[in-house]
Chemist: 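Shown below is the structure under consideration.
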Amino acid sequence: AYEIYQCDWSSDVCSSDLCTGGEQTHVMYHLFTAEWADALRHAIDSDATFNSSGSAWKWPAAFALTPTPALGFTQEVAVQLTLDAGRCTQARIIAASEITAPFVFRADYPTWKALAEGKLDALSAVMQRRVSFTGSLPRLLGNAAAAKALVACAQRVPTYFPDLPG
């Protein structure tokens, strides 16, 4: 379990479980920040399942978070992933107006949180319109295993959710 002992919005990384005596220090990343995006890129790029199932995926994708001012997300923000043949070479946090990816997944905070916690299936969320999707649905469904692997990678990123007590 992770506990957030010190969070400061001037830094996107929170220290948690800070211990002395040689115990491990865990870092949790604020959702939709540059540090979280970099951790996501690393998780995707080092994931054997995505490396294999995403071998035909050769286009960028973006995950966009709609505004949630009460939690500090005053504007729509996105992480744009540069994906190519089972690898993620770049993950950038950008304003939603800067998205150039042909595949865009857009949702509110509770939906992204449920996806990240594994409480919601990504493709079901698209089909139920809990996640707004822009792009070729046939191409997405043809790459369903890769899409599921992307979500699984996001679930492995230690994420700080601002609505949880910390």
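FYI, the numbering just counts along the sequence from 1. Every value quoted in this text rests on a predicted model; they were computed, and no experiment measured them.
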Chemist: Do T159 and Y29 have side chains that get closer than 4.5 Å, going by heavy atoms?
Modeler: no
Chemist: In this structure, are over 12 heavy atoms from other groups packed under 6.0 Å from K58 atom NZ?
Modeler: yes
Chemist: With no hydrogens and no angle check, is any side-chain donor or acceptor of R87 less than 3.5 Å from a backbone partner on D45?
Modeler: yes
Chemist: Tell me whether V131 shares a hydrophobic cluster with L137, the cluster being built from Ile, Leu, Val, Met, Phe, Trp, Tyr side chains joined at under 4.5 Å.
Modeler: yes
Chemist: Under 6.0 Å from the ring centre and within 45 degrees of the ring axis: does the NZ or CZ of R139 meet both conditions for the six-membered ring of W59?
Modeler: yes
Chemist: Calculate, to the nearest 0.5 Å, the distance between atoms CZ and OG belonging to F50 and S55 respectively.
Modeler: 9.0 Å
Chemist: Following the transitive rule for hydrophobic clusters with a side-chain heavy-atom cut-off under 4.5 Å over Ile, Leu, Val, Met, Phe, Trp and Tyr, establish whether F73 and V79 coincide in one cluster.
Modeler: yes
Chemist: Do L83 and L140 sit in the same hydrophobic cluster, where Ile, Leu, Val, Met, Phe, Trp and Tyr count as joined when their side-chain heavy atoms come under 4.5 Å apart?
Modeler: yes
Chemist: Between F161 and Y109, how do the two ring planes meet: parallel, tilted or perpendicular, split at 30° and 60°?
Modeler: perpendicular
Chemist: Using a 6.0 Å cut-off, check whether atom CD of Q75 has over 12 heavy atoms from anything other than its own residue.
Modeler: no
Chemist: Considering residues at least two apart in sequence or located in another chain, which fulfil the salt bridge (Lys or Arg N to Asp or Glu O under 4.0 Å) criterion with D163?
Modeler: K113
Chemist: How close do D108 and T66 get, counting heavy atoms only, and between which atoms?
Modeler: CA-OG1, 3.2 Å
Chemist: Can you tell me how far CG of L150 sits from OG1 of T49, rounded to the nearest 0.5 angstrom?
Modeler: 11.0 Å
Chemist: Look up atom CZ in F105 and atom CG in L115, then write down how far apart they are to the nearest 0.5 Å.
Modeler: 10.5 Å
Chemist: Less than 4.5 Å apart, side chain to side chain, heavy atoms only: is that true for K148 and D121?
Modeler: yes
Chemist: I'd like to check L81 versus L40 (side-chain heavy atoms, cut-off strictly below 4.5 Å). Are they in contact?
Modeler: yes
Chemist: Looking at OG of S97 and CD of E76, how far apart are the two atoms once the value is rounded to the nearest 0.5 Å?
Modeler: 9.0 Å
Chemist: Looking only at heavy atoms, which two atoms of P102 and P60 are closest? And how far apart?
Modeler: CD-O, 3.3 Å
Chemist: Is any NZ, NE, NH1 or NH2 atom of the basic residue among R41 and D38 found under 4.0 Å from an Asp or Glu carboxylate oxygen of the other?
Modeler: yes
Chemist: Decide whether F133 and V77 are clustered together by the hydrophobic rule: side chain heavy atoms of Ile, Leu, Val, Met, Phe, Trp, Tyr closer than 4.5 Å, transitively.
Modeler: yes
Chemist: If we only count heavy atoms from C-beta on, is the F103 to T134 side-chain gap below 4.5 Å?
Modeler: no
Chemist: For the side chain of S52 and the backbone of A48, is there at least one donor-acceptor N/O pair under 3.5 Å apart?
Modeler: no
Chemist: Quick check: closest heavy atoms across G54 and A146, and the distance to 0.1 Å?
Modeler: CA-CB, 3.7 Å
Chemist: Testing the basics here: between A34 and I93, what is the closest heavy-atom pair and its distance to 0.1 Å?
Modeler: N-CG1, 3.5 Å
Chemist: In Å, rounded to the nearest 0.5 Å, how long is the span from CG of N51 to CD1 of I44?
Modeler: 10.0 Å
Chemist: Taking side chain to side chain contact (heavy atoms under 4.5 Å, CB included) as the definition, give me every residue that meets it alongside R156, ordered by chain and number, with sequence neighbours left out.
Modeler: D47, A152, C153
Chemist: When hydrophobic residues are tied together by side-chain contacts of less than 4.5 Å, even through go-betweens, does W57 share a cluster with L141?
Modeler: yes
Chemist: Rounded to the nearest 0.5 Å, how far does CG of L31 lie from CZ of F63?
Modeler: 11.5 Å
Chemist: What class does the angle between the rings of H30 and Y160 fall in, given that below 30° is parallel, 30 to 60° is tilted and above 60° is perpendicular?
Modeler: perpendicular
Chemist: Indicate yes or no for a side-chain donor-acceptor contact from W112 to the backbone of A107 under 3.5 Å, with no hydrogens or angles considered.
Modeler: yes
Chemist: Using every non-hydrogen atom in the two residues, find where A144 and L123 come nearest and quote the distance to one decimal.
Modeler: CB-CD1, 3.5 Å
Chemist: What closest approach, in Å, do I99 and Q80 show between heavy atoms, and which atom pair accounts for it?
Modeler: CA-OE1, 3.5 Å
